[in-house]
Number of protein chains: 2
Amino acid sequence: MPSSTVENYLKHILLLSESAQDLVSMGELASALAVVPGTATTMIKALAREGYVAHQPRQGVSLTSAGRTVALSVLRKHRLVETFLVNVLKMDWASVHAEAEKLEHAISDEVLDRLDALLGYPATDPHGDPIPSRKGKLNFQVYASLATCALKQPLRIVRITEQTTEFLQFADQNHLLPGSTLSVTSRNLPAGLATIKTTGTRTQAMSITAAGKILVEPLRR
Amino acid sequence: MPSSTVENYLKHILLLSESAQDLVSMGELASALAVVPGTATTMIKALAREGYVAHQPRQGVSLTSAGRTVALSVLRKHRLVETFLVNVLKMDWASVHAEAEKLEHAISDEVLDRLDALLGYPATDPHGDPIPSRKGKLNFQVYASLATCALKQPLRIVRITEQTTEFLQFADQNHLLPGSTLSVTSRNLPAGLATIKTTGTRTQAMSITAAGKILVEPLRR
DNA sequence: TAAATTATTTTGACTAATCAAAATAGCGTG
DNA sequence: CACGCTATTTTGATTAGTCAAAATAATTTA
Ligand SMILES: [Mn+2]
Ligand SMILES: [Mn+2]
Ligand SMILES: [Mn+2]
Ligand SMILES: [Mn+2]
């Protein structure tokens, strides 16, 4: 059985390879895991020997199917645990990430299945992140963000892509949660600003960078 | 923060010093933790240096108050987690011990408090083991067992002192759960046998050793 | 009380995971 | 096409936790 260190490496490779074009660099990986690059190199060579990853020296690393299976299972645990903490224990959605980071390594498949049932088999976690299925299928969908969508269109927030407590608290305080409806009234690229209007007629500004972390879909109906 | 290894050492010292007369021997401790005695000695010397235990070389080890605080907190987590797994997730009471053994090291105080509230602040876990309070008070009560109580008296089971899956399954199948009522009809010490009668008029035999693991109180009312 | 048995401690070695700092490989720029 | 910058890899050390086996202390037995 992989140690929780190994599980963390594999999970972060999976997460980073969603954004990166498949090969994850040692630099990215090391900084995601808060270790020095040399440590990541050493570890990746060990993981390659054990068949979890393929290492292209000096290029980057990618998951094998064995590695992907482990990574998806850990990610599923992470996101179901977050959902449990928010939906059942009513915890602050900004703080559950850190909790799930530990619990994801301690929960058995048996417990997880029962949690899943208790929660009603949710498709996404409280941040809108998709929850991999028990069979390891990850519903990967491309959404526009508040930085890229059309202006003055009614939108619904579907996902917040950023785990830091600070950003999630900001989003919470401004009613920018998955499910909330709003529209982008204007954008000023040179200034790096976007102006949005939530349904309660409140208007506010935020940086384009921040706007890019909030994913939306056009409001149907 | 103590590692989960340290937490396990401290928790097991606490549990063993309930039965043993305060000083826990390296042999007992090592076998409880499934390590060789030399490992326990080495570890205990380190824990003594860090102020968690007092080590009387060649005699045994006991907890300092710092060590006892940690041990009680871990034990509280263990027992509340077991209660959650049985009461909320409806898991088999015989299997939850192994799950809790891992989760006890991954759960934060914040999550624990919310679990406690969700469960209605239980005083004991599914096996009847007392749950230490948030302030670290452990309700230590001395009960008679089926091996020591008076014969032909109506009794209520209050606790099963044995964590192994096999014993718990045996107890479950024979309706010997905390709360069940029964009486001991006879005892044959030379043969090492006790005969008990559960309220459903079922009569059965068990060894005195097994009977000693089932704690009871006289039935009032 | 001397010898034998048993428990504990010590010693030496190993694995997993990490860091600091030196070496190296790939760039891109001049 | 050489030089310099940057990312990566290598090297050498460290820490936590463990085991096997030898050494030692304590206790029991004769
Ligand atoms: Mn983690
Ligand atoms: Mn999430
Ligand atoms: Mn444990
Ligand atoms: Mn228990």
Side-chain angles (χ1 to χ4, degrees), chain A residues 1-13 16-17 19-63 66-67 70-71 74 101-102 104-106, chain B residues 1-13 16-17 19-63 66-67 70-71 74 101-102 104-106:
Chain A
M1 296 300 90
S3 67
S4 50
T5 304
V6 168
E7 289 185 343
N8 277 332
Y9 273 81
L10 298 176
K11 186 188 70 171
H12 277 106
I13 295 168
L16 290 170
S17 58
S19 42
Q21 59 303 345
D22 211 26
L23 272 203
V24 176
S25 75
M26 288 304 129
E28 286 181 287
L29 183 57
S31 95
L33 289 160
V35 296
V36 302
T39 299
T41 301
T42 308
M43 191 68 197
I44 286 305
K45 288 176 66 176
L47 294 184
R49 214 175 338 95
E50 291 162 45
Y52 290 121
V53 302
H55 185 207
Q56 259 70 58
R58 238 101 206 178
Q59 304 280 294
V61 66
S62 59
L63 293 173
V70 173
V74 178
E101 205 56 49
K102 293 198 72 183
E104 65 189 358
H105 311 293
Chain B
M1 296 299 89
S3 66
S4 49
T5 303
V6 169
E7 289 185 343
N8 277 333
Y9 273 81
L10 298 176
K11 187 188 70 171
H12 278 105
I13 296 168
L16 290 170
S17 58
S19 42
Q21 61 300 350
D22 211 26
L23 274 201
V24 176
S25 75
M26 289 304 130
E28 284 180 289
L29 183 58
S31 94
L33 290 160
V35 296
V36 302
T39 300
T41 302
T42 308
M43 191 68 196
I44 286 305
K45 287 175 67 176
L47 294 184
R49 214 176 336 97
E50 291 161 48
Y52 291 120
V53 301
H55 184 206
Q56 259 68 58
R58 238 98 207 184
Q59 304 281 291
V61 67
S62 58
L63 293 173
V70 173
V74 177
E101 206 54 51
K102 293 198 72 182
E104 66 190 359
H105 311 292

**Prompt:** For the pair made of CD in Gln59(A) and C1' in dC27(C), what is the distance, rounded to whole Å?
**Reply:** 12 Å

**Fill in**
Here the pair of heavy atoms bringing Ala106(A) nearest to Lys102(B) is O-CB, 3.9 Å

**Asked** Roughly, in whole Å, what's the span from NE2 in His55(B) to C1' in dA25(D)?
**Response** 13 Å

**Message:** Without decimals, in angstroms, what is the distance between Ile44(B) CD1 and dA16(D) C1'?
**Reply:** 15 Å

**Message:** Using a heavy-atom cut-off of 4.0 Å across all strands, would you classify Gly27(B) as base, sugar-phosphate, or nothing?
**Reply:** sugar-phosphate

**Distance, nearest 0.5 Å, that separates CD of Glu101(B) from NZ of Lys11(B)** = 3.5 Å

**Asked** Between the base of dT24(D) and the side chain of Arg58(B), is there a donor-acceptor distance below 3.5 Å?
**Response** yes

**Prompt:** In whole Å, what is the span from the NZ atom of Lys45(B) to the C1' atom of dT9(C)?
**Reply:** 7 Å

**Request:** Output the single nucleotide from dT10(C), dT8(D), dT18(C) whose closest atom is nearest the side chain of Thr41(B).
**Result:** dT10(C)

**Prompt:** Between dT10(D), dT8(D), dG17(D), which nucleotide has the shortest distance from any of its atoms to the side chain of Ser25(A)?
**Reply:** dT8(D)

**Prompt:** Should Tyr9(A) and Val70(A) count as side-chain neighbours, where that means a heavy-atom distance under 4.5 Å?
**Reply:** no

**Asked** Rounded to the nearest 0.5 Å, how far apart are CG of Leu23(A) and CG of Leu16(A)?
**Response** 12.0 Å

**Request:** Describe the nucleic acid contact of Thr39(B) in one word from base, sugar-phosphate, nothing, applying a heavy-atom distance below 4.0 Å.
**Result:** base

**Item:** Pairwise distance CG(Leu29(A)) to CD1(Ile44(A)) - rounded to 0.5 angstrom
**Value:** 5.0 Å

**Prompt:** How long is the line joining CE of Met26(A) and P of dT10(D), in whole Å?
**Reply:** 11 Å

**Message:** With a 4.0 Å limit, can you tell me whether Tyr9(B) has a side-chain N or O closer than that to the phosphate oxygens OP1/OP2 of dT18(D)?
**Reply:** yes

**Asked** Under 4.0 Å between a side-chain N/O of Ser3(A) and OP1 or OP2 of dA16(C), yes or no?
**Response** no

**Request:** In whole angstrom, give the distance that lies between atom CG of Leu10(B) and atom P of dG17(D).
**Result:** 11 Å

**Request:** Using heavy atoms to find the nearest nucleotide of DNA chain C for Ser4(A) and Gly38(B) separately, return the residue whose nucleotide is more 5′.
**Result:** Gly38(B)

**Complete:** Side-chain atoms of Pro57(A) come closest, of dT9(D), dA17(C), dC19(C), to dT9(D)

**Request:** Return the value, rounded to whole Å, for the distance between atom CD of Glu50(B) and atom P of dT15(D).
**Result:** 13 Å

**Prompt:** Leu33(B) has an atom CG; how far is it from atom P of dT8(C), in whole Å?
**Reply:** 14 Å

**Fill in**
Residue pair Gly60(A)/Val6(B) against DNA chain D: nearer the 5' end by closest nucleotide is Gly60(A)

